[in-house]
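Treat the numbers as computed from the prediction; the structure is a model and nothing was measured. Only heavy atoms go into these numbers, but all of them, side chains included; no hydrogens, no water, no symmetry mates. Throughout, a chain's letter reflects where its sequence line sits, starting with A, and its residues are numbered from 1.
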Amino acid sequence: DAGVTQSPTHLIKTRGQQVTLRCSPKSGHDTVSWYQQALGQGPQFIFQYYEEEERQRGNFPDRFSGHQFPNYSSELNVNALLLGDSALYLCASSSGVLAGDWEQYFGPGTRLTVT
Amino acid sequence: RKEVEQDPGPFNVPEGATVAFNCTYSNSASQSFFWYRQDCRKEPKLLMSVYSSGNEDGRFTAQLNRASQYISLLIRDSKLSDSATYLCVVFTGGGNKLTFGTGTQLKVEL
């Protein structure tokens with residue numbers, strides 16, 4: 001049973017560029033959440049997708065957008081990259097939003113470096 | 001004020017020591033509480049849930065005080081393999097949102 005997978009593992013981009021990160025949830029999970037973890041900080045909630053719609057959003061600018069596909073996989077897009085966007089981007093999957101199943105399983109993350 | 005605040009680290013302790021981490025949260029409507037462990041450059045993994053009655057899992061004991069909005073984690077007989085960052089995490093209803101503290105780094109030394 002595959003866990004949460006993310007791609008790519010590492011990425012280096014230049015300021016102003018755009019980036020797309022990908023996540024496949026754990027088998028049986030239908031909800032995907034994205035987090036940003038800067039060095040020395042805890043993960044910060046970006047947004048959550050369920051049934052191909054953004055259900056909740058944290059305090060992140062509109063440069064951060066996402067998408068969820070019918071197979072529950074998800075993408076995180078960041079436009080007009082800033083140096084401060086350098087971080088580990090974590091995807092977490094869970095099941096049963098309506099059932100209140102909270103437990104989230106994290107993927108290994110994508111380490112983004114903006115130069 | 002941050003939603004979840006933790007002890008500043010790092011904690012450097014000898015093997016076999018007992019160490020305690022504390023955490024406070026600001027949202028009184030928070031429903032569930034957890035400790036996650038994160039190894040260097042890895043993803044966070046659930047260590048244990050925290051209940052008002054207190055709960056124990058081997059060498060680890062977690063406590064919740066809802067009145068004081070305070071959470072604790074006690075690690076007894078520390079092992080070298082316990083070296084990691086421990087994240088205090090709060091779940092607030094309305095859709096599976098987890099709020100993380102900044103984490104406390106533990107280094108267990110010989």
Side-chain angles (χ1 to χ4, degrees), chain A residues 3-6 9-10 21 23 25-26 29-51 53-60 68 74 87-113, chain B residues 1-11 21-27 29-51 55 57 64 71 73 84-107:
Chain A
V4 181
T5 60
Q6 292 186 243
T9 306
H10 296 85
L21 311 181
C23 171
K26 181 178 168 64
H29 285 182
D30 56 13
T31 302
V32 173
S33 302
W34 286 93
Y35 294 82
Q36 179 196 65
Q37 186 173 24
L39 196 62
Q41 301 295 317
Q44 298 295 308
F45 176 75
I46 303 175
F47 43 52
Q48 182 182 87
Y49 277 85
Y50 172 69
E51 291 189 339
E53 290 187 0
E54 184 181 291
R55 299 279 294 194
Q56 281 204 99
R57 189 178 183 91
N59 189 24
F60 278 81
Q68 186 178 35
S74 177
L88 178 68
Y89 287 85
L90 294 160
C91 168
S93 75
S94 56
S95 64
V97 170
L98 297 180
D101 181 0
W102 72 270
E103 187 167 359
Q104 299 188 6
Y105 294 79
F106 284 85
T110 294
R111 191 164 297 279
L112 172 65
T113 301
Chain B
R1 183 185 173 187
K2 289 185 178 179
E3 288 187 61
V4 180
E5 297 200 61
Q6 294 187 238
D7 275 351
F11 283 60
F21 301 142
N22 303 314
C23 168
T24 57
Y25 61 96
S26 61
N27 187 346
S30 298
Q31 297 168 277
S32 305
F33 310 88
F34 312 94
W35 286 100
Y36 274 68
R37 170 188 170 134
Q38 186 171 26
D39 292 294
C40 187
R41 305 182 78 82
K42 299 285 189 179
E43 73 273 24
K45 292 187 178 177
L46 178 64
L47 177 66
M48 59 196 304
S49 301
V50 188
Y51 305 113
N55 49 299
D57 182 2
L64 166 65
I71 305 160
L73 176 68
T85 295
Y86 291 83
L87 296 157
C88 176
V89 185
V90 172
F91 173 70
T92 305
N96 287 13
K97 178 185 175 183
L98 295 179
T99 302
F100 288 77
T102 55
T104 300
Q105 188 177 15
L106 172 66
K107 294 182 181 179

Contact origin within Gln105(B) toward chain A - heavy atom pairs under 4.5 Å =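 For Gln105(B), there is no contact with chain A at all, as no heavy atom is under 4.5 Å.
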
ask   = For Gln6(A), what residues pass the side chain to side chain donor-acceptor pair (under 3.5 Å) criterion, not counting sequence neighbours?
value =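 Partners of Gln6(A) under the side chain to side chain donor-acceptor pair (under 3.5 Å) test: none.
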
request  = Answer yes if the side chains of Tyr35(A) and Gln104(A) hold a donor-acceptor pair under 3.5 Å, and no otherwise.
outcome  =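 Yes, Gln104(A) and Tyr35(A) have a side-chain donor paired with an acceptor closer than 3.5 Å.
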
request  = State yes or no: are the ring centers of Phe33(B) and Tyr51(B) separated by less than 6.0 Å?
outcome  =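 No: the rings miss the under 6.0 Å criterion.
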
message = Ring centres under 6.0 Å, that's the criterion: do Phe100(B) and Phe45(A) meet it?
response =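 No: the rings miss the under 6.0 Å criterion.
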
request  = Give the member of Lys42(B), Gln38(B), Gln6(B) that has the highest number of heavy-atom pairs under 4.5 Å with chain A.
outcome  =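 That would be Gln38(B).
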
query = Under a 4.5 Å heavy-atom cutoff, which of Gly103(B), Gly101(B), Pro44(B), Cys88(B) has the most pairs with chain A?
reply =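 Of the candidates given, the most pairs with chain A belong to Pro44(B).
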
